[in-house]
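First the structure, then my questions, so here it is.
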Amino acid sequence: MLDSKLIEENMLEVKRKLDSRGAEVDYDQFRALDLGRKEIIKKVEELERERNVGSKKVGELMREGKKEEAGALQEEMKEISSKIKNLGELRAKAEEEFRDFMLMIPNLPNDLVPVGKNEEDNVEIRKWGEPRDFDFTPKDHVEIGKDLDILDLDRAAKITGARFALYKGLGARLERALINFMLDIHTNDHGYKEVLPPFMANTESFIGTGNLPKFEEDLFKIQDSNFYLIPTAEVPVTNIHRDEILKEEDLPIKYVAYTPCFRSEAGSYGKDVKGIIRQHQFNKVELVKFSTPEKSYEEHESLTQNAERILELLGLPYRVVVLCTGDMGFSSAKTYDIELWVPSENTYREISSCSNFEDFQARRASIRYRPKQGGKTKLVHTLNGSGLAVGRTFLGILENYQQSDGSVTIPEVLVPYMGGVTKISN
RNA sequence: GGAGGGAUGGCCGAGCGGACGAAGGCGCUGGUCUCGAAAACCAGUGGGGUCGCAAGAUUCUCGUGGGUUCGAAUCCCACUCCCUCCGCCA
């Protein structure tokens, strides 16, 4: 959520920035809702003041034994109270409408973000590793997985449906190895605290991160409850500190969490239908940070590097792009995508998205901190990024480490996690 | 599933119709003392909104939402969450 005062005071600048990301906002409506709300607040508060003063007076008169005067005043106050009740309802409605309106406005892109319309305008920042030169025709991960009997998409479809996966044997082991490997690196080397959160969260939590109210169709909802399956650990982990006041001394707070992620993928019919690129359920290790505003961009860089390091240790080629204004997510102020080299597609595909949300989520979720010097509480900055999407890492290993005989060698760092297995073959 | 108990400020904890945004303690900040620190002592110290350049004014906020009342942390109702006991169960 944006600061309504910022919109009020810098409307042209806000409009320019929101336009740059293709957001349509009705500024006249903003003004009307904001002014209407302020006006009614003023009215109600004036009446409340009268009532408070009057009621106190009634008490005094009673104690002094002036019953008649007290009674008369009581009658007066009765009327004021009923007025307050009526106006109060209007006030609640005005404030709710205003908040609902504000919740639908996306974040402002940071000034450093390149302006653009869509993913074609994203800017490559750096590349790591050389895509392998195959001296045979490489297979895609679906074929490799099938031939080695470690990935069974047909049976997964029988169990559940399209866009689900059944990992088998060393395939299941590899998925588990990757999860453990990532968690170990981030906790031991990068200083994150491991958490294992619920895989469902309530409406408030989803509003906090910005997934609701606008993107409900992307989520799986649990019937007869206000719980949704999480589409990313970002939701439960960011909300760990919802409605809290943190100490500046404790910042930055860094969490790493493994969770499965559930996405309805509404609107992506026909997109990436083959293989495990786009699934309704996939595993992910997520990095989340809470930072002071001063340090958040530094933390954004290091978070992205922490994610990149996993790919480097695994020897998987990748590149990093900064998303342009038009391609960023709703809540983000700046996002880096890390893209993995996928031989079968002869291109790079997203494997991690690292964002700085600045105070956008913090304002929605009321996550603040007390400055060391004292003074007013301030909103923290929240950040997160995949470190990494496990299914796509699995895919990367299968495709990049495949051999001409159909086997897949295991990257050295994973061998201990694979119980000493160095190669998956028939 | 059945029976009870509870939810108060950054934390602990009192209050149970009017002078209560709330005792006391802890923590934090400043000061006294000290070469310095600790201890002790003194003082200050919640959060959000509206108005205001500010000082400040005002209002809301004692789990959430309703109700009773001139007036609610305090009484009533519903809901949520936590705890104890019984039953069931991975």
Side-chain angles (χ1 to χ4, degrees), chain A residues 1-10 30-103 196-208 222 224-228 236 239-251 253 290 292 359 362-380:
Chain A
M1 193 159 56
L2 299 180
D3 181 359
S4 66
K5 288 199 185 98
L6 183 78
I7 306 183
E8 200 185 310
E9 288 160 18
N10 304 288
F30 168 81
R31 231 186 306 250
L33 288 173
D34 193 30
L35 289 177
R37 151 187 161 261
K38 284 174 176 168
E39 198 176 328
I40 191 145
I41 285 173
K42 240 184 284 180
K43 276 189 200 158
V44 172
E45 286 198 358
E46 172 56 25
L47 286 173
E48 284 173 335
R49 196 185 62 79
E50 271 183 60
R51 180 200 59 195
N52 291 346
V53 170
S55 293
K56 220 166 243 183
K57 185 84 181 165
V58 169
E60 281 169 30
L61 291 172
M62 302 266 257
R63 244 168 284 126
E64 289 165 16
K66 298 177 182 165
K67 279 205 170 144
E68 274 159 48
E69 279 181 61
L73 194 52
Q74 267 184 29
E75 284 306 309
E76 242 179 86
M77 291 305 113
K78 202 171 200 163
E79 255 174 67
I80 291 185
S81 269
S82 91
K83 268 191 217 165
I84 290 175
K85 203 185 160 194
N86 293 332
L87 277 181
E89 277 165 26
L90 293 178
R91 174 195 174 152
K93 211 172 138 200
E95 298 209 84
E96 193 189 331
E97 267 179 66
F98 183 67
R99 182 175 162 82
D100 288 347
F101 182 86
M102 293 299 293
L103 286 175
L196 182 60
F199 301 160
M200 298 177 201
N202 59 29
T203 307
E204 271 305 305
S205 293
F206 278 88
I207 289 174
I222 307 297
D224 302 320
S225 77
N226 68 140
F227 301 159
Y228 298 80
N239 279 283
I240 288 174
H241 295 299
R242 172 154 51 85
D243 292 323
E244 289 187 17
I245 300 173
L246 307 168
K247 288 189 192 135
E248 179 170 359
E249 296 87 293
D250 294 338
L251 300 176
I253 295 173
F290 301 83
T292 58
D359 63 13
R363 185 171 292 106
R364 290 176 159 243
S366 186
I367 309 171
R368 293 162 292 167
Y369 73 97
R370 208 174 287 289
K372 230 181 283 181
Q373 285 83 358
K376 297 272 281 175
T377 57
K378 292 164 76 176
L379 293 166
V380 301

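Worth knowing before you read on, the calculation uses all heavy atoms, side chains too, and leaves out hydrogens, waters and symmetry mates.
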Counting only heavy atoms not in Lys43(A) (residues, nucleotides, ligands), do more than 12 fall under 6.0 Å from its NZ?
no

Could you check whether atom CD of Glu39(A) has more than 12 heavy atoms from other residues, nucleotides or ligands sitting under 6.0 Å from it?
no

How far, in whole Å, is U45(B) from A23(B) if one measures between their P atoms?
11 Å

Students often get this wrong, so: under 4.0 angstrom with heavy atoms, is Ile41(A) touching a base, only sugar-phosphate, or nothing?
sugar-phosphate

Geometric class of the Phe30(A)/Phe98(A) ring pair [parallel <30°, tilted 30-60°, perpendicular >60°]:
tilted

Surrounding CD of Glu64(A) (heavy atoms of other residues, nucleotides or ligands, distance under 6.0 Å), is the total greater than 12?
yes

Quick test: give all pairs of protein nitrogen or oxygen and nucleotides 17-20 of chain B nitrogen or oxygen below 3.5 Å, distance rounded to 0.1 Å.
residue : atom : partner  : partner atom : Å
G18(B)  : N2   : Ser55(A) : O            : 2.6
A19(B)  : N6   : Arg63(A) : NE           : 3.2
A19(B)  : N6   : Arg63(A) : NH1          : 2.7
A19(B)  : N1   : Arg63(A) : NH1          : 3.2

Is the phosphate of U69(B), meaning OP1 or OP2, less than 4.0 Å from a side-chain N or O of Ser81(A)?
no

Expressed as a whole number of angstroms, how long is the span from Leu73(A):CG to U69(B):C1'?
14 Å

Less than 4.0 angstrom from a charged side-chain N to a carboxylate O is my criterion; do Glu8(A) and Lys38(A) meet it?
yes

Could you pull out the protein-nucleic contacts involving nucleotides 54-60 of chain B (nitrogen or oxygen on both sides, under 3.5 Å)?
residue : atom : partner  : partner atom : Å
U59(B)  : OP1  : Asn52(A) : ND2          : 3.3
U59(B)  : O3'  : Glu48(A) : OE1          : 3.1
U59(B)  : O2'  : Glu48(A) : OE1          : 3.0
C60(B)  : OP1  : Arg51(A) : NH2          : 2.9

Within-4.5 Å side-chain heavy-atom neighbours: Arg99(A) and Met1(A):
yes

Regarding Ser366(A), tell me which of base, sugar-phosphate or nothing describes its non-hydrogen contacts under 4.0 Å with the strands shown.
nothing

Less than 4.5 Å apart, any side-chain heavy atom of Val380(A) and any of His241(A)?
no

Tell me the interatomic distance from Glu95(A), atom CD, to G48(B), atom P, rounded to whole angstroms.
15 Å

side-chain N/O Lys42(A) vs G49(B) OP1/OP2, d < 4.0 Å
no

So which nucleotide does A57(B) pair with, by the Watson-Crick or G-U wobble rule with both distances under 3.5 Å?
U50(B)

Need one value for Lys85(A): base, sugar-phosphate or nothing, where a base atom within 4.0 Å counts as base even if backbone is also close, heavy atoms only.
sugar-phosphate

Heavy atoms, side chains only, cut-off 4.5 Å: are Ile41(A) and Arg91(A) in contact?
yes

Please check the phosphate of U50(B) (OP1 and OP2 only) for any side-chain N or O of Lys5(A) closer than 4.0 Å.
yes

Within the 4.5 Å heavy-atom criterion, are Leu47(A) and Val44(A) side-chain neighbours or not?
no

Considering only the P atoms, how many Å lie between C75(B) and G15(B), rounded to the nearest integer?
12 Å

Show each protein N/O and nucleotides 6-9 of chain B N/O combination with a separation under 3.5 Å, one pair to a line.
none

Any side-chain heavy atom of Lys378(A) sitting closer than 4.5 Å to one from Asp359(A)?
no

If you count the non-hydrogen atoms of other residues, nucleotides and ligands that lie under 6.0 Å from CD in Glu9(A), is the total more than 12?
yes

